[in-house]
Amino acid sequence: MPQPNFDPVEVAALQPEAIEAEVTTALKAIAAAATLDELKTARLAHAGDRSPLALANREIGALPPAARKAAGQRVGAARGEVAAALTARQTELEAERDARVLLDESVDVTLPTDRNPVGARHPLTTLQERIGDIFIAMGYSVAEGPEVEAAWLNFDALNTPGDHPSRELTDTFWVESVDSGLVMRTQTSPVQIRVMLEQQPPIYVICPGKTFRTDELDATHTPVFHQVEGLVVDEGITMAHLKGTLDHMAEQLFGPGMRTRFRPHYFPFTEPSGEMDILCFVCRGRSVGNPDEPCRTCSNEGWIEWGGCGMVNPRVLAACGIDPERYSGFAFGMGIERSLMFRSGVADMRDIVEGDVRFTAAFGMES
Ligand code: DAH
């Protein structure tokens with residue numbers, strides 16, 4: 001109850017000196033708080049409900065009305081000063097903390113790391129190089145030609161008639177316009193012509209590279225694929241040399257005992273021509289006439305088609321300025337994707353094409 005003759009000086013907590021002393025203590029404690037936790041403690045002690053200034057504030061009501069205003073102003077100013085100091089220190093400490101967090105959690109992006117996922121070379125590339133190596137070891141050299149090729153080299157010079165269906169837009173990508181005379185090469189055989197036009201026998205070359213046909217991508221076809229072409233022109237070259245070379249290549253690629261066989265076929269640039277089969281890499285011929293050991297891969301044929309080959313057509317030799325009376329030659333060509341499917345058991349062409357690193361990595365860094 002307010003008492004009219006109450007002497008404010010008697011309310012110790014409201015004495016100006018007491019308030020001043022409390023403010024000084026509070027400001028000291030606030031300045032001394034080195035962490036946000038310590039500041040929280042200081043806030044509780046000097047601005048909390050049970051702090052001296054809060055208690056003093058409560059005393060105001062007990063003063064005589066005349067004394068309340070001055071006391072109220074004194075306590076209010078004191079509380080304001082403490083609150084401002086708390087806010088300022090809070091801001092300071094938060095800024096310090098943020099700076100520390102930034103420093104502690106900073107990442108040195110220049111540090112060396114062993115966590116980079118290591119890719120692997122595409123198995124098509126390594127297989128292509130392996131085939132190259134087999135032939136380089138026999139003294140061949142590697143020849144290359146452009147992927148955008150003159151239709152004349154891709155077809156005409158290879159003795160392909162002007163009305164041959166393979167020239168159609170449905171099989172061949174023509175470079176616009178159709179009378180540009182340029183195609184995306186449909187085979188690596190034009191490289192044979194380029195070599196023979198530039199070089200006199202003896203010729204021993206292998207030509208790996210990209211080829212293109214208007215096929216839809218599915219489990220066994222892709223519009224962009226790879227072939228490897230072989231060409232030998234020398235004196236006295238016979239089909240026996242061709243057979244021996246292909247058998248050697250088969251053994252080197254697929255392991256000892258792998259053989260090839262010829263089936264009669266027609267290619268305009270070879271005469272005679274053959275399709276070349278390889279012993280089934282799964283059953284190795286054991287499924288033939290043997291119901292106990294059926295083979296899904298070769299349908300119990302024992303053989304799988306691998307490529308085309310033949311003796312270079314004398315007309316092609318002559319067209320390239322090579323004397324067919326003196327020289328003869330053989331040539332062959334096969335798909336590298338197909339060879340990879342045989343060699344590594346890849347069941348779906350799309351896995352080879354899609355470039356998923358999980359597929360490539362499965363072949364490791366095989367060189
Ligand atoms: N160029 C043929 C093709 O793409 C493959 C081929 C057959 C190449 C016979 C040859 C060969 O060198 O003699 O189907």
Side-chain angles (χ1 to χ4, degrees), residues 128 131-132 135 140 142-147 149-161 164-168 170-173 183-197 201 203-215 220-234 237-246 249-250 260-278 304-317 319-320 322 324 327-339 349:
Q128 198 163 304
I131 295 171
F135 285 91
Y140 285 54
V142 176
E144 286 183 333
E147 290 167 8
E149 183 58 286
W152 186 82
L153 290 168
N154 194 78
F155 295 120
D156 304 77
L158 287 161
N159 200 32
T160 311
H164 196 276
S166 64
R167 293 182 183 240
E168 295 291 323
T170 46
D171 285 324
T172 300
F173 289 114
V183 296
M184 300 304 291
R185 68 178 177 195
T186 60
Q187 49 189 351
T188 41
S189 302
V191 187
Q192 289 184 20
I193 304 296
R194 289 179 170 272
V195 171
M196 287 189 281
L197 284 173
I203 294 171
Y204 291 81
V205 290
I206 190 91
C207 329
K210 243 181 217 151
T211 44
F212 309 82
R213 286 182 201 175
T214 58
D215 287 322
T220 52
H221 295 86
T222 156
V224 181
F225 57 108
H226 296 74
Q227 282 189 338
V228 59
E229 189 85 9
L231 173 71
V232 166
V233 185
D234 205 345
I237 296 295
T238 71
M239 226 167 169
H241 294 118
L242 170 61
K243 183 71 166 62
T245 304
L246 292 172
M249 180 180 178
T260 59
R261 76 169 183 186
F262 292 155
R263 272 181 296 107
H265 196 70
Y266 172 77
F267 291 104
F269 38 94
T270 40
E271 182 56 39
S273 303
E275 277 198 317
M276 179 238 308
D277 295 342
I278 185 162
I304 295 182
E305 186 190 324
W306 192 19
C309 61
M311 300 305 290
V312 181
N313 193 320
R315 292 176 61 172
V316 172
L317 290 177
C320 293
I322 292 173
Y327 295 107
S328 55
F330 67 72
F332 60 87
M334 67 271 289
I336 300 182
E337 277 80 357
R338 212 170 145 68
S339 307
M349 184 75 85

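Counting starts at 1 for both ligands and their atoms, following the listed order. All values below come from the heavy atoms of this structure, side chains included, with hydrogens, waters and symmetry mates left out.
If you run side-chain contact (heavy atoms from CB on, under 4.5 Å) between M276 and each of K243, M334, H265, E305, only M334 comes through. Checking M349, R338, K210, R213 one by one against F225, the side-chain contact (heavy atoms from CB on, under 4.5 Å) holds for a single residue, R213.
In this structure, atom 12 (O) of ligand 1 lies nearest to the protein heavy atom E229 OE2, 2.6 Å. Among protein heavy atoms, the minimum distance from atom 5 (C) of ligand 1 is reached at G333 O, 4.1 Å. Looking only at heavy atoms of the protein, atom 11 (C) of ligand 1 is closest to F269 CE1, 3.4 Å. Of the protein's heavy atoms, Q187 OE1, 2.7 Å lies nearest to atom 1 (N) of ligand 1.
You'll find the ring centres of F262 and F330 outside the 6.0 Å limit.
Using a 4.5 Å heavy-atom cutoff, the side chains of T211 and E229 are not in contact. Considering only heavy atoms from C-beta on, I131 stays 4.5 Å or farther from P208 through its side chain.
Using a 4.0 Å cut-off between heavy atoms, C309 contacts ligand 1 through its backbone alone, with no side-chain atom that close. With a 4.0 Å cut-off on non-hydrogen atoms, R213 touches ligand 1 through its side chain and not its backbone. Residue contacts with ligand 1, taken as heavy atom pairs separated by less than 4.0 Å, do not involve F330 at all. At a heavy-atom cutoff of 4.0 Å, ligand 1 is contacted by the side chain of Q227 but not by its backbone.
There is no side-chain donor-acceptor pair under 3.5 Å between Q187 and Q227.
Residue E147 places its CD atom among more than 12 non-hydrogen atoms of other residues, nucleotides or ligands, all under 6.0 Å distant. Within a 6.0 Å sphere centred on CZ of R263, other residues, nucleotides and ligands contribute more than 12 heavy atoms.
In summary, the atoms of ligand 1 found under 4.0 Å from a heavy atom of G310, numbered by their order in the structure, are 13 (O). Within ligand 1, the atoms closer than 4.0 Å to a non-hydrogen atom of S189 are 1 (N), 8 (C), numbered from 1 in the order shown.
By the 3.5 Å distance cut-off applied to N or O atoms, A331 is counted among the residues near ligand 1.
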